[in-house]
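In what follows, a single structure is set out as structure tokens and then discussed.
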Amino acid sequence: MADVAVIGGGISGIACATALADAGLTVDVLDRGHRLGGRLATQTLRDTGTAYDGRVVDIGASYFTVDDAGFGEVVGDWIDRGLVRPWTDTFHIADGSTLLGTKSGPVRYAAPRGLRSLVEDLAAVLPSDLVEIRHPIDVTSVDVGEGGVRVAGRDYRAVALCGPDPQMDALVAASSAPMWEPVMALVAVYPERTWEFDGAFVNDDPVLSFVADDGSRRGDDAPVLVAHSTPVFAAGHLAEPVTAAPAMLAVMRNLSGAVPTWFTVKRWTYARPAHARPEAFAFDGVVGRAGDGWAGVPRTQSAWVSGDALGREMSGALES
Ligand SMILES: Cc1cc2nc3c(=O)[nH]c(=O)nc-3n(C[C@H](O)[C@H](O)[C@H](O)COP(=O)(O)OP(=O)(O)OC[C@H]3O[C@@H](n4cnc5c(N)ncnc54)[C@H](O)[C@@H]3O)c2cc1C
């Protein structure tokens, strides 16, 4: 019997598994995806009719920022090994019609091989004598009993639920808020680069919230944009994501001046929580919870911080 089942192979689950394994505990990581990474999601372009088939695109998180010392160490190692590059500290501001100016902020980091490669990198160094990664397994319930849990046919001393609250609530018949918002992500390949922004926050527009230049963030200058919709717009297109395309492409044309050769739309039903709880995680001695619904601000760094903190807490409790 392994000590802990970690459900979720996104960055929070893998950070949790890393902390548990560092303490010598045995861990099974279960994820329903064919690949790890969760919302640090990368899609390989196929059948686009362009020269970019085989190129990967970030279709979930656009970038991440760093101000936590622990996550900073992890990111520093990725930078040293060429897995992460500082992308930009300046984005444009736009409305739905035109670019309005620029705004500087923190350095945004990106991954030349896509953000998913970072989760896969963390998973690759987990010790195989302590950690088993089981996927794709769609966990449908977590049965909490006397002094332990049963998950996907195996018994464990504890479980870590690492991912969006609605998905994890369903496993333990809980309802824990906060509200989670949807986003549509549209990937478009263009004949050539016609724009001069790295990314643009689109304010006061009912359709788009952000557009990223995937070529500049990944460093190959490919003419690829990825746009994210507003949550309200996404909510109206969840049943049939492709119906979101005309309105999203119209705003993208306003900002880029271009018409794409190929596009696709990805639906994120649970893209982000409306807010994150201030606590880093929850743990009642058997069931732990982590992810970007914790640790203050909904973002990639919080997911890592939350998973790492839960793993350390569980290690202390299960070792004693
Ligand atoms: C469109 C979009 C844009 C974003 N932009 C940014 C950004 O610019 N900057 C930033 O910092 N962050 C951004 N984020 C947020 C960032 O992606 C998340 O904070 C982070 O990836 C969360 O990691 P996680 O491990 O908590 O959850 P997830 O990555 O969602 O991982 C949860 C995992 O659990 C698995 N799972 C769920 N249910 C089950 C089940 N029943 N059985 C088995 N496995 C299950 C899923 O397959 C998934 O792999 C964005 C997210 C989206 C969707």
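We use all heavy atoms of the structure for the numbers below, so side chains are in, but hydrogens, waters and symmetry mates are not. In each ligand, atom 1 is the first atom listed, and ligand 1 is the first ligand listed. Along the sequence shown, the residues carry numbers beginning at 1.
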Contacting atoms of ligand 1, where contact means under 4.0 angstrom from a heavy atom of [X]:
X	result
Gly291	26 (O)
Ile11	23 (O), 25 (O)
Val139	40 (C), 41 (N), 42 (N), 43 (C)
Trp268	1 (C), 53 (C)
Gly38	29 (O), 31 (O), 48 (C), 49 (O)
Ala271	51 (C), 52 (C), 53 (C)
Thr300	10 (C), 11 (O), 12 (N), 16 (C), 19 (O)
Gly8	33 (C), 34 (O), 35 (C)

Would [X] count as a contact of ligand 1 if the rule is a heavy atom under 4.0 Å away?
X	value
Gln301	no
Ala185	no
Leu115	no
Gly37	yes

What heavy-atom pair brings Gly72 and Val66 nearest, and what distance separates the two atoms?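 Heavy atoms of Gly72 and Val66 come nearest at CA-CG1, 3.6 Å.
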
Atom of Gly291, atom of Ser306 and distance for their closest heavy-atom approach: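 Result for this residue pair: N-OG, 3.0 Å.
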
With a heavy-atom distance limit of 4.0 Å, tell me whether [X] approaches ligand 1 through its side chain, its backbone, both, or neither.
X	result
Ile137	backbone
Ala170	neither
Gln167	side chain
Tyr63	both

Nearest protein heavy atom to atom 19 (O) of ligand 1, by residue and atom, and its distance?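 The closest one turns out to be Asp292 OD2, 2.6 Å.
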
How far is atom 30 (O) of ligand 1 from its nearest protein heavy atom, and which residue and atom is that?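 I find the closest protein heavy atom is Arg39 NE, 2.7 Å.
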
Is there a path of hydrophobic side-chain contacts, each under 4.5 Å between heavy atoms, that joins Val6 and Phe283?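 Yes, because Val6 and Phe283 connect within a single hydrophobic cluster, where side-chain heavy atoms sit under 4.5 Å apart.
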
Which option, Gly293, Gly199, Ala303, owns the non-hydrogen atom nearest atom 20 (C) of ligand 1?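 The option holding the nearest heavy atom is Ala303.
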
Does the distance from a Lys or Arg side-chain N to an Asp or Glu carboxylate O, for [X] and [Y], drop under 4.0 Å?
X	Y	result
Asp198	Arg108	no
Arg217	Asp213	no
Glu120	Arg113	no

Start with the C-alpha gap between Thr48 and Asp53, add the side-chain angles, then the distance that decides, and say whether side-chain hydrogen bond (donor to acceptor under 3.5 Å, both in side chains) holds. CA-CA 6 Å; Thr48 65; Asp53 280 3; 2.5 Å; yes

Does any N or O in the side chain of Asp95 come within less than 3.5 Å of the main-chain N or O of Thr98, such that one atom is a donor and the other an acceptor?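 Such a contact is found between Asp95 side chain and Thr98 backbone.
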
Asp169 side, atom CG; Trp180 side, atom CH2 - distance, nearest 0.5 Å: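 Reported to 0.5 Å precision, the distance equals 10.0 Å.
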
Report yes or no: do Thr230 and Ser209 form a side-chain donor-acceptor pair below 3.5 Å?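 The answer is no; no qualifying pair exists.
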
Counting neighbours of CD on Glu73 that are heavy atoms of other residues, nucleotides or ligands and sit closer than 6.0 Å, is the number greater than 12?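 Count not over threshold, so no.
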
Taking the six-membered ring for Trp, are the ring centroids of Tyr190 and Trp195 within less than 6.0 Å of each other?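 Close enough - the centres of the two rings lie under 6.0 Å apart.
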
